[in-house]
Amino acid sequence: MIRVRFAPSPTGYLHIGGARTALFNWLYARRHGGTFVLRIEDTDTERSSWDMVAGIVGGLRWLGIDWDEGPDTGGPHAPYFQSERIELYRAAAQRLVDAGCAYYCYCSPELLQQKRQAAEASGGGWVYDRACCALPPEEIARLEASGAPRAVRFKVPPGETAFDDLVHGTISFANANVEDFVVLRSDRQPTYHLSVVADDIEMQITHVVRGDDHISNTPKQILLYEAFQTTPPLFAHVPLIMGPDKKRLSKRHGATSVIEYERLGYLPEAMVNFLALLGWSPGTDQELFTQGDLIHAFALEGISGGNAVFNPDKLDWFNQQHIMRLSVEDLSTRLEPLLREHRLWHHDFVGARREWLHRMIDLLKPRVKRLPQFVEEARPFLTDEIGFDEAAVRKHLAKAALAAPFERLRAAFDTAEPFTAGVLEAALRTLAESEHVPPAALIQATRVAVTGRAVSPGLFEVLELLGRERVARRMANAPLAVANRDTG
RNA sequence: GUCCCCAUCGUCCAGAGGCCCAGGACGUGGCCCUUUCAAGGCCAAAACGCGGGUUCGAAUCCCGCUGGGGACGCCA
């Protein structure tokens, strides 16, 4: 039985990298019928906050990532907040000390700081010098009597620590390069290494899928597993996501919070598709995936070893592709809040004009990369306050030679029966011929007249959607608007 | 500085010794469709970091170099 976990620290929002790590874990669990656990690593009480927990949970939900065990869901290994499991870690630390795998360290943070700086000044790295590892009993007694604060440090044994990483293959470290790390702080709070390992053991995690940046932590954690006489889980370290400058993705690269992308009008399915293909490949040429496709295709073996650059253009493409694949019903549901926000929603869009709304959405669908663009594209259909693009008016509408034919076109449209794209197109082309005007000139002029813009979906569909009345009104008013401006 | 990871088009990936004078996708340029803009179709430019090996044969294996990234906390 596969058990994986996503273990964010609520010291920030759910960022792109974290989301992908969560996604990979989730996909892996779902692919193999395993269990996906959400565990909140809030042992850093200073920096953790409830808002951040809510933000992370919200981000995961938005992406459609659900968990089988976790904070709100509960489960056989509850609680899923590390801050509520402190006693477990203290007991674990005690076991390490009892087994001779760890020792008390009385060095003050200030002293360590000093030593570290000194080592750095002489141009070298620093690992703890084990000053407290072999303190004589009298010295320990003296320190204890004086009430000196003590931390618990893990005693790294000599030798080498290696593991078979599922994406990188064998990785090994000389233990000499691994320092005696603190497992329990002097205030009796556990450190990350202790709490992850204690929890991953207790929660029976079988696969640890996490960011590359944890590779150097892995030997410490494996040593801990060994000290606890348990078999470590399998590790899969996925490469990091970089900004276009190949630096670690950060705020200066724009939006890095997943939930920000919701606000920008990205579909969660597009985000998931994009993220999944960032550092992972199904081994085929398929690019577009539904969540179900991904679950079916996902395998840890397809994760590549090198860092990946976040490419916003490709995200946009995925978004557009997924928008086009959405059913009109679905799309209109997602558009409703947006349209309401701009006061462009009409109550009968769920009633009498439902079918009309769907036709409009279908027309606009392939022209939109992000949801908010819909609002702009839809404006001419939803309000009479359209506003004219002056350049478009000058180029296509305000032409003296067009005045008469345009007026006759308006009359022709007025009597067109039925008022449908096909009939309107035939009427326009017939008129263009008899007036010796290129059809394109009339089309462009009409487009500007009824939408205010030089670009729109196919004119005749637009006209049909607008309806006889609005077309007549806008055609009658448009040239007038130009005249007014000219004289004013 | 030490340790670790990585190295194919600008970007994301395919390629697990001959099928590769390297394939797909985004982006870019051109053409087609066409009433504009998209969408769609077609075409094009664009890469195996360098140097040594191993081998009949290397993008693929080994070594070195270079470059990029990560980690070196009583943060997670």
Side-chain angles (χ1 to χ4, degrees), chain A residues 7-12 41-44 46-48 82 105 107-109 112-113 116 119-120 122-127 149-153 165 167-169 171-174 176-179 181-187 189-193 195-196 211-219 237 239-240 242 244 246-248 274 277-288 302 304-318 320-321 324 364-369 377 392 396 425 428-429 438-444 446-448 451 453-460:
Chain A
S9 158
T11 53
E41 309 223 323
D42 56 350
T43 51
D44 184 347
E46 291 294 308
R47 298 197 300 150
S48 298
Q82 289 194 326
C105 172
C107 297
S108 69
L112 294 171
Q113 172 90 348
R116 227 186 316 269
E120 220 163 276
S122 57
W126 151 268
V127 290
R150 60 181 198 188
V152 177
R153 272 187 196 272
D165 191 275
V167 349
H168 296 284
I171 299 178
S172 73
F173 292 82
N177 291 321
V178 182
E179 79 168 346
F181 53 99
V182 171
V183 292
L184 199 68
R185 293 187 253 262
S186 50
D187 62 0
Q189 289 295 313
T191 62
Y192 163 71
H193 295 296
S195 58
V196 240
D212 237 352
D213 49 343
H214 284 289
I215 288 181
S216 54
N217 290 329
T218 309
H237 287 100
L240 269 18
M242 317 302 258
K246 305 229 179 167
K247 299 287 179 203
R248 216 173 159 164
F274 171 72
L277 259 28
L278 202 55
W280 172 76
S281 162
T284 66
D285 281 346
Q286 186 178 351
E287 297 276 343
L288 262 10
S304 50
N307 294 338
V309 172
F310 182 93
N311 180 186
D313 284 336
K314 193 151 188 180
L315 208 212
D316 277 349
W317 179 77
F318 275 118
Q320 181 171 37
Q321 292 298 320
M324 286 194 290
L364 265 23
K365 232 178 21 167
R367 288 158 227 275
V368 165
K369 281 187 158 69
E377 297 297 323
H396 299 295
E425 176 161 12
L428 182 140
R429 289 192 189 280
L442 279 179
I443 287 170
Q444 284 300 86
T446 309
R447 187 193 313 283
V448 176
T451 68
R453 313 166 182 190
V455 300
S456 83
L459 178 70
F460 304 105

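Proteins come first, then strands; the chains are lettered A, B, ... in the order of their sequence lines, and each starts at number 1.
Side-chain polar atoms of D213(A) and H237(A) form no donor-acceptor pair below 3.5 angstrom.
A straight line from CZ of R367(A) to P of A38(B) spans 10 Å, rounded to a whole angstrom. Between the CG atom of L315(A) and the C1' atom of A25(B) there is a distance of 14 Å, given to the nearest Å. Between F310(A) atom CZ and C13(B) atom C1' there is a gap of 17 Å when expressed in whole angstrom units. As rounded to whole Å, 14 Å separates atom P of A39(B) from atom CG of L364(A). The separation between Q321(A) atom CD and G40(B) atom C1' is 10 Å, rounded to whole Å. Rounding to whole angstrom units, CG of residue L278(A) and P of C26(B) are separated by 16 Å. In this structure, H168(A) atom NE2 and A7(B) atom C1' are separated by 13 Å, rounded to whole Å. L442(A) has its CG atom 14 Å from the P atom of U36(B), to the nearest Å.
Under the 3.5 Å distance criterion, the side-chain polar atoms of Q286(A) are matched with a main-chain donor or acceptor of L288(A). Remark: the backbone N or O of K369(A) is not paired with any side-chain donor or acceptor of D316(A) at under 3.5 angstrom. The backbone N or O of V182(A) lies less than 3.5 Å from a partner atom in the side chain of T191(A), making a donor-acceptor pair.
Residue-level contact check: T446(A) touches neither bases nor backbone, having no heavy atom under 4.0 Å from any strand. A454(A) comes within 4.0 angstrom of a base, heavy atoms only. Across all strands, E287(A) comes closer than 4.0 Å to base atoms (heavy-atom distances). Across all strands shown, E377(A) has no heavy atoms under 4.0 Å from either base or sugar-phosphate atoms. Contact annotation for G458(A): base contact, defined as any heavy-atom pair under 4.0 Å involving a base atom. No contact: P244(A) has no heavy atom under 4.0 Å from any strand. Residue contacts shown for L459(A) include a base, since a base heavy atom lies under 4.0 Å away. Within the 4.0 angstrom heavy-atom criterion, base atoms lie near F460(A). As judged by a 4.0 angstrom heavy-atom cut-off over every strand, S304(A) is placed among residues touching the sugar-phosphate backbone only.
Taking side-chain N and O atoms only, Q286(A) has no distance below 4.0 Å to OP1 or OP2 of C12(B). In this model, the phosphate group of C4(B) is not approached by any side-chain N or O of S172(A) to a distance below 4.0 Å at OP1 or OP2.
Exactly one of W280(A), W317(A), F310(A) qualifies for a ring-ring contact (aromatic ring centres under 6.0 Å, His included) with F274(A). That residue is F310(A).
With a 3.5 Å ceiling on both atom-pair distances, the Watson-Crick or G-U wobble partner of C31(B) is G41(B). Across the strands present, G64(B) finds its partner in C50(B); the criterion is a Watson-Crick or G-U wobble pair with both atom distances under 3.5 angstrom.
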Go along nucleotides 43-51 of chain B 5' to 3' and tag each nucleotide: B for a protein heavy atom under 4.0 Å from its base, S when only backbone or sugar atoms are that close, - otherwise. ---------
Using a 4.0 Å heavy-atom cut-off, write out nucleotides 68-74 of chain B from 5' to 3' as B (base contacted by protein), S (sugar-phosphate only) or - (no contact). -SSSSSB
Using nucleotides 27-32 of chain B, report all nitrogen or oxygen pairs with the protein that are shorter than 3.5 Å.
none

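Taking every side-chain heavy atom of P366(A) into account, A38(B) is the closest of A38(B), A76(B), C13(B).
In this view, Q444(A) and H396(A), R447(A) satisfy the side-chain hydrogen bond (donor to acceptor under 3.5 Å, both in side chains) rule, not counting sequence neighbours. Under the side-chain hydrogen bond (donor to acceptor under 3.5 Å, both in side chains) criterion, N311(A) pairs with no residue, sequence neighbours left out. Here S108(A) pairs with E110(A) under the side-chain hydrogen bond (donor to acceptor under 3.5 Å, both in side chains) rule; sequence neighbours left out.
To the nearest whole angstrom, the two C1' atoms, one in U36(B) and one in G27(B), are 24 Å apart. Of the P atoms belonging to C50(B) and U11(B), the separation is 15 Å, rounded to the nearest Å. The same atom, P, is picked in G53(B) and in A59(B); the two are 15 Å apart, to the nearest Å.
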